Amino acid sequence: MCGRFTLRANPAELVEIFELTRLPEISPRYNIAPTQPVLVVRLDRGFRVPSLLRWGLVPHWAKDLSIGARAINARSETVHEKPMFRQAFERRRCLIPADGYYEWIPGEEGGKRQPLFHHLADDRPFAFAGLWDSWDSLEGETVETCTILTTTPNDVVAQFHDRMPVILPEDHWTTWLSSSESSGADIRGLLVPADPTGWKITPVGFAVNRATCEGPVCLSVPSNTPQTPPGQFNFDA
DNA sequence: CCAGACGTTGTT
DNA sequence: GTCTGG
DNA sequence: CCAGACGTTGTT
DNA sequence: GTCTGG
């Protein structure tokens, strides 16, 4: 799963890391939520072009946008055969830059679920494996949308969750974006759990729960509320 | 044939 | 409980 | 993902 | 659009 994430990096840094054709028009984000605009990287005539797409894939045949709210993730195990994702998987793959993501675990004593922040120790941006589609309303408005692929967790994430987003290593970005007639198996082979090396997992406060909450406060841990000792969740794999 | 679904995660 | 909105 | 609504008629 | 269920 992956229902919230961060992208705090500045546009120039993203141009360098993802080899973009131009600066993406974004501000630092600490709480990117479903239905909001998401930065995606797509291949256009051989160039990596940044765009902002609505999060939650809406297939071209949908009657309205509402189906997208339940299509923020796509299972990598079945994405090649599901009617909703198959064509996008074959022809409309993208990278979704991020530099952290949130997952929730059951709270103690039946309390509220506890958000955990997953990120690289140096906070370097990484890339989710994504798909996109284009939808036209009856009024003729075109809306481009995207989804993030999920897979089984690696050994570290498995302590907390049954699923994790597909995070592509940099040397697979070009293959994922390519529209060449590479066999589906080649592409599917990229959809594996990320190596946990270099990742950290930290509990954060409940501010992030509110989709409209934005800014560094989303990563803060209220000192007045006792939290589970952070050490229990810190991994330097 | 037509009608209806088409998706994911976790369920405190 | 289930759906919609962000 | 979580938060918040979830309904109708008629109008302060 | 495409697939499944009846």
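Values in this document were obtained by computation on a predicted structure and should not be read as measured data. Throughout, a chain's letter reflects where its sequence line sits, starting with A, and its residues are numbered from 1.
Partner A:E144 forms a salt bridge (charged side-chain N to carboxylate O under 4.0 Å, His left out) with one of A:R54, A:R42, A:R92 and no other, that one being A:R42.
Between A:G111 and A:T151, the one whose closest nucleotide on DNA chain B sits nearer the 5' end is A:T151.
Judged by distance alone, the side chain of A:T147 and the main-chain N or O of A:L57 form no donor-acceptor pair under 3.5 Å. At distances below 3.5 Å, at least one donor-acceptor pair connects side-chain atoms of A:T6 with backbone N or O atoms of A:G100. Within the 3.5 Å criterion, the main-chain N or O of A:Q87 finds no donor-acceptor partner in the side chain of A:E90. Of the possible donor and acceptor atoms, none in the side chain of A:N31 sits under 3.5 Å from a partner among the backbone N and O of A:C218.
At least one side-chain nitrogen or oxygen of A:R113 sits closer than 4.0 Å to the OP1 or OP2 atom of D:dC2. Listed pair A:T150 / B:dT9 meets the phosphate criterion, a side-chain N or O lying under 4.0 Å from OP1 or OP2. The phosphate of B:dT9 (OP1 or OP2) has a side-chain N or O of A:R163 nearer than 4.0 angstrom. Close to D:dG4, at under 4.0 Å from its OP1 or OP2, lies a side-chain N or O of A:R210. Distances shown here put every side-chain N or O of A:N73 at or beyond 4.0 Å from the OP1 or OP2 atom of B:dT9.
For A:E13, the CD atom sits in a packed shell: over 12 heavy atoms of surrounding residues, nucleotides or ligands are nearer than 6.0 Å.
With C1' as the reference atom, B:dT9 and C:dT2 are 15 Å apart, rounded to whole Å. Of the C1' atoms belonging to B:dT11 and D:dC2, the separation is 14 Å, rounded to the nearest Å. When the P atom is compared between B:dG10 and D:dA3, the two are found 16 Å apart, to the nearest whole Å. Spacing between B:dT8 and E:dT4 at atom P, rounded to whole Å, works out to 15 Å. D:dC1 sits 14 Å from B:dT12 when the C1' atoms are compared, rounded to a whole Å. When the P atom is used for both D:dG7 and C:dG5, the distance is 12 Å, rounded to whole Å.
One can place CD of A:E214 at 18 Å from P of D:dC2, the figure rounded to the nearest angstrom. If you measure from atom CD1 of A:I105 to atom P of D:dC1, you get 14 Å, rounded to the nearest angstrom. In this structure, A:F160 places its CZ atom 18 Å from C1' of B:dT9, rounding to the nearest Å. If you measure from atom CZ of A:F206 to atom C1' of D:dC1, you get 14 Å, rounded to the nearest angstrom. Put simply, CG on A:D64 is 13 Å from P on B:dA5, counting in whole angstrom units. Distance A:Y101 OH to B:dT9 P: 13 Å, rounded to the nearest Å. For the pair A:F5 CZ and D:dC2 P, the interatomic distance rounds to 16 Å; values are reported in whole Å. The NE2-C1' distance, from A:H161 to B:dT11, rounds to 15 Å in whole Å.
By the 5.5 Å and 30° criteria, A:W61 is stacked with the base of B:dC6.
Where DNA chain C pairs in unbroken runs of 3 or more (Watson-Crick or G-U, both distances under 3.5 Å), the stems are C:1-6 with D:1-6.
Across all strands shown, A:A62 has no heavy atoms under 4.0 Å from either base or sugar-phosphate atoms. When heavy atoms are screened at a 4.0 angstrom cut-off, A:T212 is found touching the sugar-phosphate backbone but no base atom. Using a 4.0 Å heavy-atom distance criterion, A:G107 is classed as making no nucleic acid contact. Among the atoms of the strands shown, base atoms are found under 4.0 Å from some heavy atom of A:I72.
A heavy-atom distance below 4.0 Å to DNA chain E is reached by these residues of residues 75-86 of chain A, ordered by number: A:P83, A:R86.
Separation of atoms OG1 (A:T175) and CG (A:D186) is listed at 8.5 Å; rounding is to 0.5 Å.
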(message) Quick one, A:F126 with A:W199, criterion ring-ring contact (aromatic ring centres under 6.0 Å, His included). Give me CA distance, side-chain angles, the key distance, then yes/no.
(response) CA-CA 11 Å; A:F126 51 87; A:W199 286 80; 4.9 Å; yes
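Hydrophobic clustering (side-chain heavy atoms under 4.5 Å, transitive across Ile, Leu, Val, Met, Phe, Trp, Tyr) groups A:L43 together with A:W176.
Using a 4.0 Å cut-off between charged side-chain N and carboxylate O, A:R29 and A:E214 make a salt bridge.
Between C:dG6, D:dA3, E:dT2, one nucleotide has an atom nearer to the side chain of A:Q87 than all others, and that is E:dT2. Ranking D:dC2, B:dT12, C:dG6 by closeness to the A:A33 side chain, first place goes to C:dG6.
Applying the salt bridge (charged side-chain N to carboxylate O under 4.0 Å, His left out) rule to pairs touching residues 154-173 of chain A yields A:E77-A:R163, A:R124-A:E170, sequence neighbours excluded.
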